[in-house]
Amino acid sequence: MKLNIVPARQGVQWVKLGIQTFWRHPLALAGLFFMFMAVMSVLSIVPVLGNVLALMLLPGATLGLMAATKETLNGKFPMPVVLVSGFRAGRQQFRAMLLLGAIYAAGFMLILGISALADGGKFAKLYLVGGAMSAEVLMAPDFQLAVLLSMALYMPLSLLFWHAPPLVHWHGIPPVKSLFFSIVACMRNFWAFTVFGLAWVGVFLAMGMVVATIAALLGSPDVVGLIMFPASMLLAAMFFTSLYFSFRDSFEDTPGDVA
């Protein structure tokens with residue numbers, strides 16, 4: 001495995017490739033994404049334990065969506081079983097993926113714990129246990145500070161795990177080592193990932209403007225709500241499809257890598 005340094009403009013290319021690949025099998029890839037979201041949502045119904053389990057499965061599920069993208073590129077039709085690719089590649093990789101998930105869950109719980117210092121645990125309780133989100137709670141300065149703190153702390157966690165699952169699965173890298181390689185790759189390709197993020201922000205904003213324009217032309221504000229959610233979900237599916245290309249271009253296969 002060799003780290004590649006790519007130009008900043010490659011970030012836009014990842015977005016384009018993600019969107020183009022999605023439309024090769026839109027129903028299949030959208031269906032896999034909705035299945036992924038459904039599993040996470042069902043698990044989150046169970047207070048605390050369900051959310052922790054969902055966090056543990058997230059790296060493996062993300063890998064499954066990347067594997068579906070790879071199969072689409074290879075001319076194959078991605079079947080639902082591809083979502084659990086990370087847990088079907090042998091006992092050693094199964095354990096490695098579970099360990100990776102456990103580290104991710106622990107990291108996220110640590111972030112929630114730190115956020116509790118800002119608001120006494122209101123945000124953490126809302127995430128883990130659920131409950132009503134009143135306007136008073138959402139507008140409270142300490143709650144907003146906890147949210148902002150969590151977002152800031154989640155950034156390095158996401159960089160640690162951006163490439164980690166595919167490194168474990170396709171390159172046979174141990175979990176802890178994969179985290180190091182992941183954040184190094186993200187930092188070495190900082191501008192490409194920055195452009196990638198900004199490009200996706202632009203895509204989502206453009207979608208919002210199109211939906212708002214359609215609603216204005218039809219003279220029905222309700223159209224915004226009807227179109228925005230499914231459109232956002234489709235774009236989110238395309239985003240996950242584009243993740244594979246950011247990984248593929250950041251690392252080069254070498255002899256001995258796992259297929």
Side-chain angles (χ1 to χ4, degrees), residues 1-25 29 32-33 58-76 78 82 85-86 96-97 100 103-104 107 151-207 234-259:
M1 182 199 67
K2 178 183 177 183
L3 173 63
N4 291 328
I5 309 300
V6 299
R9 64 178 180 275
Q10 195 66 22
V12 175
Q13 187 67 11
W14 294 337
V15 175
K16 290 181 179 179
L17 289 171
I19 295 173
Q20 291 170 357
T21 304
F22 175 84
W23 288 109
R24 290 191 183 186
H25 290 304
L29 292 173
L32 289 173
F33 174 73
L58 188 58
T62 302
L63 169 69
L65 294 173
M66 295 174 72
T69 303
K70 186 176 182 179
E71 288 202 353
T72 300
L73 285 173
N74 292 335
K76 299 178 182 178
V82 76
S85 298
M97 198 61 65
L100 199 63
I103 297 172
Y104 179 81
M151 292 173 62
L153 293 174
Y154 183 73
M155 182 59 69
L157 181 68
S158 66
L159 296 180
L160 281 168
F161 283 86
W162 193 279
H163 299 301
L167 284 173
V168 169
H169 182 66
W170 284 313
H171 292 277
I173 305 297
V176 175
K177 198 173 182 179
S178 73
L179 299 176
F180 172 76
F181 286 157
S182 176
I183 197 166
V184 168
C186 290
M187 297 310 298
R188 293 293 299 274
N189 288 309
F190 174 81
W191 290 113
F193 280 96
T194 299
V195 171
F196 174 75
L198 291 174
W200 269 117
V201 170
V203 171
F204 274 90
L205 288 176
M207 182 270 292
L234 286 178
L235 285 184
M238 296 178 200
F239 169 79
F240 275 92
T241 302
S242 68
L243 294 182
Y244 171 74
F245 298 100
S246 69
F247 168 75
R248 184 194 67 178
D249 291 351
S250 295
F251 295 94
E252 180 179 336
D253 290 339
T254 56
D257 288 342
V258 179

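Keep in mind it's a predicted model, so treat the numbers as computed, not measured.
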Quiz item: For the side-chain contact (heavy atoms from CB on, under 4.5 Å) test, which of Lys177, His163, Met97 pairs with Val168?
Solution: Met97
Approximate separation, where rounding is to 0.5 Å, of [X] [atom1] and [Y] [atom2]:
X	Y	atom1	atom2	value
Leu73	Lys70	CG	NZ	9.5 Å
Leu100	Leu63	CG	CG	9.5 Å
Met155	Met151	CE	CE	8.0 Å
Thr62	Met66	OG1	CE	8.5 Å
His171	Phe247	NE2	CZ	3.5 Å
Gln10	Lys16	CD	NZ	10.5 Å

Quiz item: Is any side-chain heavy atom of Leu17 closer than 4.5 Å to a side-chain heavy atom of Arg248?
Solution: yes
Quiz prompt | Backbone N/O of Gly11 and side chain of Ser246: donor-acceptor pair under 3.5 Å | solution = no
Practice problem: May I ask you to decide if Leu160's main-chain N or O and Ser182's side chain share a donor-acceptor pair within less than 3.5 Å? | Solution: yes
Practice problem: Using distance alone, with no hydrogens and no angle criterion, decide if Trp200 and Ser242 have a side-chain donor and acceptor under 3.5 Å apart. | Solution: yes
Quiz item: Parallel under 30°, tilted from 30 to 60°, perpendicular over 60°: which one fits the rings of Trp162 and Phe196?
Solution: perpendicular
Self-check item: Stepwise ring pair (Phe, Tyr, Trp, His ring centres under 6.0 Å) test for Phe251 and Trp170
Solution: CA-CA 11 Å; Phe251 295 94; Trp170 284 313; over 10 Å; no
